[in-house]
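Please read the structure below before turning to the comments.
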Amino acid sequence: MSATHPVLHPIRLSVGIEGMSCASCVGRLEKVLSRLQGVSSVSVNLANESATLEATDPLDLAVVEQTIVNAGFQLATHQVELVIGGMSCASCVGRVEKALRREAGVLDANVNLTTERASIRALQDITESQLIAVVEKAGYQASLPVPPGQPGVSTKLQLPDWWPAMLAGFFSLPLVLPMLGEVFGQHWMLPGVWQWVLASPVQFWLGARFYRAGWGALKAGSGNMDLLVALGTSAAYGLSVYLLLSHTTKSEPHLYFEASAVVISLVLLGKWLEARAKRQTTSAINALQALCPLTVRVRKAGQDIDIAVEQLQVGDIVVVRPGERIATDGEILEGQSQIDAALLTGESLPQVCQAGDQVVTGAINGNGLLLVRTSAIGGETMLARIIRLVEDAQAAKAPIQRLVDKVSAVFVPVVLAIALCTFAGWWFLSGDIELAIINAVAVLVIACPCALGLATPTAIMAGTGVAARHGILIKDAQALELAHQLDTMVFDKTGTLTVGKPSLQALVSAELPEAEIVRIAAALQSGSQHPLALAVMARSNELGLPLPDVANQHALPGLGVSGELEGVTYLLGNHRLLGEQGCHTGVLAAAAEHEEQMGHSVSWLMQPGQPQALAMLAFGDQLKPDAVEGISRLKRMGIEPIILSGDNAGAAQAVGSALGVNRVHANLLPADKAAVVASLKAQDRRVGMVGDGINDAPALAAADVGIAMGNGTDVAMHAAGITLMRGNIGLVSDAISVSRQTYAKIRQNLFWAFIYNLVGIPLAALGMLNPILAGAAMAFSSVSVVCNALLLRRWKPE
């Protein structure tokens, strides 16, 4: 509960209590509650698990809860999620939170502008309808979230959300073209009446949203960008109508319809771009949910039947056929196979599994039939927990609030006061009410938030555009604004710093030459799609070796393969197969131990009945060619690299040593990676996360800036704010570089936007700037801001 927003309640308060078990609990709780300041009586009911307090002064619910917790009990509360509509800026978030926190029975409320969600913790007797009514009373829309997979209730035809910006641009273009024609000596100015006709639908139909939001801000006693847009454009529009209707000569008066229409058009364009970025926040959740199959095959009474995954119960026996995605967390009862759980656990190689091993939802079964006893369903599976982690990380508030939204709350009343004083002063001194109106309108026109509104979006659009041309896809403005502050960059290992697929790293033979070992091993595994088999085949192709025919070729599930080549039987497999054959490693033992310490997987080539293994083959992932230089560039930028991996410590440390990274964390599950990121942020670090897999999604969402590799999974790209279209580590430093340049342009633009107002408003108030010059100055400020932002197009990667 925020200390700046105490929740005060009437002198009588009833709350639910959890954790009471006997009469002594009742006595202890009554004793501590009666000590609260202002409490006159306390009644605790064990049967109803409730407490009723009467006090002489309003009670602070946060203090009541802390007292109950200190006594060893819990206040009975529930969490309510609401979808909030109509918010446009940070001040809107503050108003919704303030309204909710003032409601009796609400302990805390957090509103996220990006996801348009409110998370509310309230007493159990507070209903969703009460909270919705509170939000609506504050001037916004509220509703309960639609459960995943269920369509919305509306069946009306929905227009694409870009149509207001497009239509506003269509109406505004004829008003802007004459301004461009004047540069070339052409006079394309439309008659005033036609300008009025074109500007009116933009002002009052397409721009109605700004009036509604601005009115809501006024009722709440604050200001926002919507109010600035409504005031500025209304001033330009109203002055134009006044001049059009009041002029008496045959010549056309100077009008300002183009100013009002273009401002609204550009702001609508920015709103559309922002809304498009917001929608992408749910894509990560949808992609994660798609990992779980919709149906599952269950064995009951000796028969296999297909049921919906929602009907699955703990203890059911699930049949998983080769190549299928596993639909449950559970234990293998029968069968042997290889399980590819890289997307969930970060393991770079498929893992051999057999009876007694655990499997997780979303993993892919290899080439064996498995019977799995269900141990977790629904929200208790590992996949569901990952989904919750991503949701929680995305619901967290952004650390930076919009500067313009903060300033606008002060800027708007100041401008209104100056305009009112200008009107009153000139009317009193000159007695000319028309002159007073003209000078007051000049103040509003020069203060029109055109440059303020363009300062940030134009820089962001230019920065994201130039980044996209160089393979850096920045999906939202928040990531672009935060990336310049990063001082720590966390990397996933597999598929990010490494290639992501095994290769033959070492081969040591007791007797035979290397080429002969590769020839035999490749022949034994010919036709197999196992990653290690493909690695051997790749080495064989590099050496150009012809493969002999294999007789009696057999797969040994969980062990390896066997076959007869040129009259000799060979076996290729793991340590377990070596032990079953009674073979010894001999002179190969030291080499095998070294490779295993490096995190490599070791296979053995042997002959049945022979005491000594013929050869040891070690498989492992390899670094990407540009990884070393990419990490070095980050260090030169003052950013510390850290490696997080689901692989074993040997493999992770080997990669860290090769790259010169001192901090390496291994054996991490998705929740562990997110926890490491959270701990770094708790140390006041600005943390970026680079990953490519589903197992990285929680950490990507929890980081200040998530960066996904374009050759990774869709889930990683949806959860990240930045996607690198090529799997090039050097693009990470390029993304930070373009962010730093863009943020510098944003600051420059805001500086110039405010300078124009600081200089222009006093001149207009003193009557030294008529509305025509005020409009020209306003237009020039916008042009200068846009031109400054377009300088970003000259940015190039290092």
Side-chain angles (χ1 to χ4, degrees), residues 1-82 96-111 117-135 137 142 144-145 313-314 376-380 384-385 388-389 391-392 395-396 671 675 678 682:
M1 184 65 204
S2 174
T4 59
H5 297 283
V7 179
L8 300 179
H9 292 262
I11 59 175
R12 182 180 176 87
L13 175 65
S14 295
V15 295
I17 307 294
E18 296 177 350
M20 294 192 299
S21 60
C22 59
S24 62
C25 296
V26 173
R28 187 165 76 250
L29 189 58
E30 286 182 341
K31 184 177 181 180
V32 295
L33 289 175
S34 62
R35 294 175 180 172
L36 290 175
Q37 184 176 0
V39 173
S40 57
S41 67
V42 178
S43 175
V44 178
N45 190 312
L46 180 60
N48 295 332
E49 296 183 324
S50 64
T52 301
L53 293 80
E54 293 188 359
T56 56
D57 298 312
L59 294 168
D60 186 339
L61 188 52
V63 174
V64 174
E65 180 183 26
Q66 190 59 51
T67 302
I68 293 172
V69 171
N70 292 341
F73 307 99
Q74 293 293 327
L75 187 65
T77 62
H78 68 142
Q79 200 78 14
V80 179
E81 298 290 328
L82 295 179
V96 175
E97 287 181 343
K98 188 176 181 181
L100 287 169
R101 287 172 176 169
R102 282 179 172 174
E103 179 68 9
V106 173
L107 285 92
D108 199 10
N110 289 291
V111 179
R117 295 290 184 100
S119 180
I120 306 150
R121 192 165 71 94
L123 298 180
Q124 289 184 326
D125 58 347
I126 303 299
T127 65
E128 290 90 345
S129 58
Q130 287 179 259
L131 298 173
I132 290 174
V134 169
V135 176
K137 187 177 180 181
L144 294 175
Q313 300 293 323
V314 174
I377 59 174
E380 299 305 316
R385 291 196 296 270
R388 285 199 298 272
L389 285 170
E391 288 176 331
D392 292 344

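Because the structure is a prediction, the values reported are computed rather than measured.
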Open item on the list: Tell me which pairs pass side chain to side chain donor-acceptor pair (under 3.5 Å) where either residue lies in residues 68-80, with sequence neighbours left out.
Closed with: Gln66-Asn70, Gln79-Ser119

Could you tell me which residues satisfy side chain to side chain contact (heavy atoms under 4.5 Å, CB included) with [X], sequence neighbours excluded, listed by chain and number?
X	result
Ser34	Val42
Gln313	Asp316
Asp125	Leu123
Leu36	Leu33, Val39, Leu53, Val63, Val64, Thr67

Taking all non-hydrogen atoms of both residues, which atom of [X] and which atom of [Y] are closest, and how far apart?
X	Y	value
Arg28	Phe73	NH2-CZ, 3.0 Å
Ala76	Ile17	CB-N, 4.2 Å
Met20	Leu29	SD-CD2, 4.0 Å
Val44	Ala51	CG2-CB, 4.0 Å

By side chain to side chain donor-acceptor pair (under 3.5 Å), which residues pair with [X], not counting sequence neighbours?
X	result
Ser40	none
Thr127	Ser129, Gln130
Ser50	none
Gln124	none

TODO: Mind checking the CD-OG spacing from Glu54 to Ser14? Nearest 0.5 Å is all I need.
DONE: 8.5 Å

- [ ] Look up atom CG in Leu82 and atom CG in Leu100, then write down how far apart they are to the nearest 0.5 Å.
- [x] 7.5 Å

Open item on the list: One thing to verify: whether Glu103 and Lys137 come together as a salt bridge, which I'm taking to mean a side-chain N less than 4.0 angstrom from a carboxylate O.
Closed with: no

- [ ] Taking the side chain as every heavy atom from C-beta outward, state whether Leu107 and Leu75 have any pair of such atoms under 4.5 Å apart.
- [x] yes

TODO: Would you check if Val106 and Leu131 make a side-chain contact, meaning some heavy-atom pair closer than 4.5 Å?
DONE: yes

Open item on the list: Closer than 3.5 angstrom, by distance alone: can the side chain of Arg101 be matched with the main-chain N or O of Ala109 as a donor-acceptor pair?
Closed with: yes

